[in-house]
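I have placed the structure first, in the form of structure tokens, so that the comments after it can refer back to it.
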Amino acid sequence: MKVKTIGVLTSGGDAPGMNAAVRAVVRAALSKGLQVKGIIRGYNGLIDDKVVDLDIRSVADIIHRGGTMLYTARSPRFREEEGLQTAMETCRRHGIDGIVCIGGDGTFRGARDLSLHGIPCVGVPGTIDNDIASTEYSIGFDTAVNTCMELVDRLRDTAQSHDRCTVVEVMGRGAGYLALHSGVACGATAIVLPEIKLDVQRDVIEKIQNAQRTGKQHFIVVVAEGVGGVDKLAEQIQTITGIDTRATVLGHVQRGGTPSVRDRVTASRMGYEAVQLLSQGIGNRVVAEKDGKIVDYDIYDALNMEKPFDEKLYKIANAINN
Ligand code: F6P
């Protein structure tokens, strides 16, 4: 199929580096002589006909910005047949022959549905959670985990000054990648993850008490959002150990900020590859990182993959964070 016009959208939670991916898609497509349309607010933009022309300057000065210039949304309407049909009509009206869909698994499911209905789509992984099974790395994770690290370092300053324990919740929905990596990077005494069934006594209290016996006087406990309950955990720690304890939920501050080198470069590579596929009329694919290389998979296969938990890193944390 001769492709003339491609669309690009961002969907789901925004992630730092999404703008760099949009920029790469636009510039790579224009360099191939294609036209590019920006779809505003994810799949909602297709339903509501919010489509804009993008030229080479439309994506100037965005590589360093967090968020997404195309806006984003989670779109329950798109999961209904009516929404999907309206989206198809919008594509036809604008002559969109293919779409690059930047986001997480939910975004990929939308890309699969559109592909099955005749609009070839290529998914690009973008989520701070890094929980997409088909790729070792998702755009946004590096920036977010560095933000977590900086914020937990600040909590450490005050915990150290007061001989306190600080319990901090980091994002990640059902996955513990942000918690595990920031916990290792910050030397957290305990890291609580949804992948490991929590035993408060074994996984938190004993670790704090063991460290206390060797002279440690302040403690960091990193808790993944998927486990939650930081206020209750802080209370338990204070009651059992007698250590003054505070709880903090980092929240959406983790989603913003200027993207790191890792995120800008990965976004540029992935956005470029997505266009190479679409320009040949190849859809129903996702791009991914495997062993440091950019590869692509069938979306159906990608959605059925499982991401292994990094047991080795958790073991390392237990061995050295004490
Ligand atoms: O998927 C990214 C993420 O930030 C998760 O870590 C979190 O659970 C979720 O999005 C929050 O979503 P919202 O911004 O819609 O509240």
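Both ligands and their constituent atoms are indexed starting at 1 by order of listing.
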Shortest protein heavy-atom distance from atom 4 (O) of ligand 1, along with the residue and atom involved: R255 NH1, 2.8 Å
Output the list of atoms in ligand 1 that are nearer than 4.0 Å to some heavy atom of H252, sorted by atom number. 13 (P), 14 (O), 16 (O)
Which protein heavy atom lies closest to atom 7 (C) of ligand 1, and at what distance to 0.1 Å? E225 OE1, 3.5 Å
Protein contact of atom 12 (O) of ligand 1 - nearest heavy atom, named by residue and atom, plus distance: R74 NH2, 2.9 Å
Going by the angle between their ring planes, with limits at 30° and 60°, are Y43 and F78 parallel, tilted or perpendicular? parallel
Heavy-atom nearest neighbour in the protein, as seen from atom 6 (O) of ligand 1, with distance rounded to 0.1 Å: D129 OD1, 2.7 Å
Charged N to carboxylate O under 4.0 angstrom, D105 versus K307? no
Looking at Y137, is R262 sitting on its ring face, NZ or CZ under 6.0 Å from the six-membered ring centre and within 45 degrees of the normal? yes
Could K4 and D97 be called an ion pair, given the rule that one side-chain N must be under 4.0 Å from one carboxylate O? no
Is there a polar contact between ligand 1 and G172, counting only N or O atoms under 3.5 Å apart? yes
Charged N-O contact under 4.0 Å between D131 and R173: no
